[in-house]
Asks: 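Here it is: the structure, laid out below.
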There are 4 protein chains.
Amino acid sequence: MDRREVQASVKDERLVEKRRDQMIKGAITLFKQKGFHRTTTREIARAAGFSIGTLYEYIRKKEDILYLVVDRMYDQIRERLQEDLVTNLGTVESLKLSIAYYFREMAEMQEEVLVMYQEAKSLSKDALPYVLNKEIQMVGLFENVIENCVRNGELDLDEKQIKLFAHNLFVEGQMWGFRRWALQKVYTLEEYIDLQLELLFYGVQGKVNQGTGGER
Amino acid sequence: MDRREVQASVKDERLVEKRRDQMIKGAITLFKQKGFHRTTTREIARAAGFSIGTLYEYIRKKEDILYLVVDRMYDQIRERLQEDLVTNLGTVESLKLSIAYYFREMAEMQEEVLVMYQEAKSLSKDALPYVLNKEIQMVGLFENVIENCVRNGELDLDEKQIKLFAHNLFVEGQMWGFRRWALQKVYTLEEYIDLQLELLFYGVQGKVNQGTGGER
Amino acid sequence: MDRREVQASVKDERLVEKRRDQMIKGAITLFKQKGFHRTTTREIARAAGFSIGTLYEYIRKKEDILYLVVDRMYDQIRERLQEDLVTNLGTVESLKLSIAYYFREMAEMQEEVLVMYQEAKSLSKDALPYVLNKEIQMVGLFENVIENCVRNGELDLDEKQIKLFAHNLFVEGQMWGFRRWALQKVYTLEEYIDLQLELLFYGVQGKVNQGTGGER
Amino acid sequence: MDRREVQASVKDERLVEKRRDQMIKGAITLFKQKGFHRTTTREIARAAGFSIGTLYEYIRKKEDILYLVVDRMYDQIRERLQEDLVTNLGTVESLKLSIAYYFREMAEMQEEVLVMYQEAKSLSKDALPYVLNKEIQMVGLFENVIENCVRNGELDLDEKQIKLFAHNLFVEGQMWGFRRWALQKVYTLEEYIDLQLELLFYGVQGKVNQGTGGER
DNA sequence: GATGAATGAGTATTCATTCAT
DNA sequence: AATGAATGAATACTCATTCAT
């Protein structure tokens, strides 16, 4: 249930991997520029470096390409995220570092994120669950780390607060990309990260309280 | 720079307004179901209650319809928002009420929000700025209210923090819709609002401080 | 159950009739030359005198054209046949005249007959029954006339013999067309008709007996 | 003029024979199911048990397969027919037995017959004569037997009558297959054979005379 | 102003055929 | 001799847009 198979006519597994790599790379470039619907299969084939006939040796329908692309993006993001999160110590300090790391990763992949936000809807009812499942898994990675902090007494949050916190920080990572037209005019990435961390951990009043806790 | 003209062949302003109303209503229903690209102009005409020929008396290109739809959505949201925000007193309590109100409004318009997220990309380079400008204006409404709170000494935030806070709450309002596949399985809307308000105002650590304020 | 509807987007019934007429005429010419599969929809549109887009305003799928063509052919044949058979008096003499008439008609439509024989298989499982039903009705016309002869004491045949006789003469009429590569080299049409009538009515031995009835 | 060569790249005659055997068997199965046009060369290769590359080592074009198939069918039919007809004694009784035998053979091969009727048109102008020639030869086998009967004084027919009689009985044998949708609902095969023999030999009036021979 | 028939560029997909390995 | 990956011409079908009535 974790990965939906996209059928290929070609048998050689290694070749399939290679050709799909070319295909996905070409497709991402194009999807970034013009979106899924405005990109033709021929353009994708050309961008991948082979003919339209060859393209269809490795997929069944155009939508398969979108699925492959989105699938690949998630895998990339998760891979990088996991790599980082395993070293997490379950302290607030370490959590902040991970969040900052994640924010920077997402900033690098902002174009891909945009594609996902805008084109995921075009996936069939069939493929969508697989994709959403991947996103849930990734949020889950953060949930685990936060839970550790709670277990270590560094944070005091119940199950539902943990989940929402994870969702929030997750979306804020993507937000840098999908609202760049607003954010990137005002903040540098590091500014953005600092400010978001502050808001995530202290909110707008917590922060006030922290400094002037006695005044109320 | 506030509104891009969509040219109509028909002169009677009142009629243009009426026909576009029908058109937009039909289009929204269809876009919700199948997205912009999968909806045909004929379908829109039929849903609007007139012929394809008539449709083209009131627009120039299919994209115009998308622009009109998105434009209308923003106007609706802003209208409701403004209506509420004018009564805002510039206190934290009143700000929280406004945010909760906004969250509920966005929950009601979640399908529209989804359409905007997924189809805005399809707007031409020409139309996009107008639309983004509207969103910036709406965020601005919240910025003003927050500024009032700061001016009243209820919050202690600088310009950049205000802006980011406004963006965050704005996105969190939309998030209930565009991440419903995850959130709406776990939270009721009111739960979601309560938890988000907590996180927005106290963060995850500010909250700790609040409860155990004495320990420091 | 007598006629399968082929959906048209155009509403004007008279126009639909007219355009389909053009379409069928063009299609028959092409099908005669190259068969259904080798004929493209564009060729049919061009032969009909309009664009590919217009073609599809009057049908849904390419197969619809084949159905329309075959349907039309049967209607034409039946029309001519019925016109003649109503005047039939129920005598052997009159039956022979009708058969000869039918043979001549089929000779005139031999290309159409060929198309039917070769392309009917290409009709979907959905459309085929309608077409076969038409052929059965046409055979039925002859069955009735033969029955009249039997009732008048001019022929002595039971139900099953009548049916088979009808089928035989029916196929022999088509045979002049679908075996022309053999028959039309040896016989003139009138020769063919005379000889077939002889064989149909007297067989190869009946004829012998007739002349020399006493010898056995 | 009796057999058209289909070029093979492979030299080993025995191998060519073997591979073509596999190919034809596979193709016949497929053509029966979906016709020539709807069957792909890949499917034929797979059904034959080898790769598409190998397939093209033994033919030049897809049409070659059709030719090979039809050629094979005719050979099969003729083989069985010849086997029987050589024993024919030149009497009416023996002729009837042969016809009945032929009818039964054709009933067994009805699917093949159907394929021939429907797909022969797809043969190029180049290959068609060879195929038609085979059919003429087969009709010729019957003509000979009938001629024997005439020579023996068992039948009184001139050249043209013999030829047409042969064609008729030949088509009636195929008819059981190509009109099965009508015939096989009404008659058993044996019934069909009996009735057709009656009609072939006595016609519809000759039969009358036979039964009431004394009345003249 | 309204209609809807006509248009044809555009697009996904298939499949016979080739050819390097 | 056998394989199967690569090719791209071909084709059914769609749909935004126009324009005569």
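Reckoned from all heavy atoms, side chains included, excluding hydrogens, waters and symmetry mates.
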Asks: Within the structure, does a side-chain N or O atom of C:Thr54 lie under 4.0 Å from either OP1 or OP2 of E:dT7?
Replies: yes

Asks: I need the CD1-P distance between C:Ile65 and F:dA12, as an integer number of Å.
Replies: 9 Å

Asks: What donor-acceptor contacts under 3.5 angstrom involve side-chain atoms of residues 40-50 of chain A, with partners at least two apart or in another chain?
Replies:
residue, atom, partner, partner atom, Å
A:Thr40, OG1, A:Glu43, N, 3.1
A:Thr40, OG1, A:Glu43, OE1, 3.4
A:Glu43, OE1, A:Lys34, NZ, 3.2
A:Glu43, OE1, A:Thr40, N, 2.8
A:Glu43, OE2, A:Lys34, NZ, 2.6

Asks: Between P on F:dT14 and NZ on B:Lys62, what's the gap in Å once rounded to a whole number?
Replies: 15 Å

Asks: When the ring planes of D:Tyr130 and D:Tyr67 are compared, do they come out parallel, tilted or perpendicular, using 30° and 60° as the limits?
Replies: perpendicular

Asks: Look at D:Tyr58 and F:dA2 and indicate whether a side-chain polar atom (N or O) is within less than 4.0 Å of OP1 or OP2.
Replies: yes

Asks: Just how far, in rounded Å, is P of F:dC19 from CG of B:Leu55?
Replies: 17 Å

Asks: Considering only E:dA6, F:dA16, F:dT7, which nucleotide approaches the side chain of A:Glu57 most closely?
Replies: F:dT7

Asks: In whole angstrom, what separates A:Glu13's CD from F:dA5's C1'?
Replies: 15 Å

Asks: Please determine, for the side chain of D:Leu15, which listed nucleotide (F:dA12, F:dA1, E:dT18) has the closest atom?
Replies: F:dA1

Asks: Please report the C-alpha distance between A:Arg20 and A:Val6 in whole Å, then the side-chain angles of each, then the deciding distance to 0.1 Å, and finally whether the side-chain contact (heavy atoms from CB on, under 4.5 Å) criterion is met.
Replies: CA-CA 11 Å; A:Arg20 284 192 177 163; A:Val6 173; 3.7 Å; yes

Asks: Working to the nearest 0.5 angstrom, can you tell me the gap between A:Lys61 NZ and A:Ser124 OG?
Replies: 5.5 Å

Asks: Using a heavy-atom cut-off of under 4.0 Å over every strand shown, decide if C:Arg19 touches base, sugar-phosphate, or nothing.
Replies: sugar-phosphate

Asks: Side chain of A:Ile52 only, please: which of F:dA9, F:dA1, F:dA5 is the nearest?
Replies: F:dA9

Asks: Out of curiosity, A:Glu63 CD to A:Leu68 CG, how far, rounded to the nearest 0.5 Å?
Replies: 11.0 Å

Asks: Could you tell me if the side chain of A:Lys121 sits less than 4.5 Å from the side chain of B:Leu114, heavy atoms only?
Replies: no

Asks: Give a yes or no on whether D:Lys18 atom NZ has more than 12 heavy-atom contacts from other residues, nucleotides or ligands under 6.0 Å away.
Replies: no

Asks: Out of F:dC13, F:dG4, E:dA6, which nucleotide sits closest to the side chain of C:Lys61?
Replies: F:dC13

Asks: In whole angstrom, what separates C:Met23's CE from E:dA6's C1'?
Replies: 15 Å

Asks: Do the numbers put C:Lys62 on top of the ring of C:Phe36, so that NZ or CZ is under 6.0 Å from the six-membered ring centre and no more than 45° off the axis?
Replies: yes

Asks: For D:Ser9, answer base if it contacts any base atom (sugar-phosphate contacts may also be present), sugar-phosphate if it contacts only those atoms, and nothing otherwise; contact means non-hydrogen atoms under 4.0 Å.
Replies: nothing

Asks: Does a nitrogen or oxygen in the side chain of B:Tyr56 sit under 4.0 Å from OP1 or OP2 of F:dT17?
Replies: yes

Asks: In dot-bracket form, how is DNA chain F paired, counting a Watson-Crick or G-U wobble pair only if both its distances are under 3.5 Å and using | for bases paired to another strand?
Replies: .||||||||||||||||||||

Asks: From A:Glu111 CD over to A:Met73 CE, what is the distance, rounded to the nearest 0.5 angstrom?
Replies: 9.5 Å

Asks: Heavy-atom nearest nucleotide on DNA chain F for A:Asp12 versus C:Glu63: which residue maps closer to 5'?
Replies: A:Asp12

Asks: Mind listing the residues from residues 26-45 of chain A sitting with a heavy atom below 4.0 Å of DNA chain F? Number order is fine.
Replies: A:Arg42

Asks: Hey, which of these two, A:Gly53 or C:Val10, hits DNA chain E nearer its 5' end, going by closest nucleotide?
Replies: C:Val10

Asks: Measure from the side-chain heavy atoms of A:Ser51 and tell me the nearest of F:dT18, F:dT7, E:dA2.
Replies: F:dT7

Asks: Give one of base, sugar-phosphate or nothing for D:Lys11, where a contact means two heavy atoms less than 4.0 Å apart.
Replies: sugar-phosphate

Asks: Dump the intermediate steps for side-chain contact (heavy atoms from CB on, under 4.5 Å) on D:Ile65 and D:Met23, then the final yes or no.
Replies: CA-CA 8 Å; D:Ile65 307 174; D:Met23 204 165 94; 4.2 Å; yes

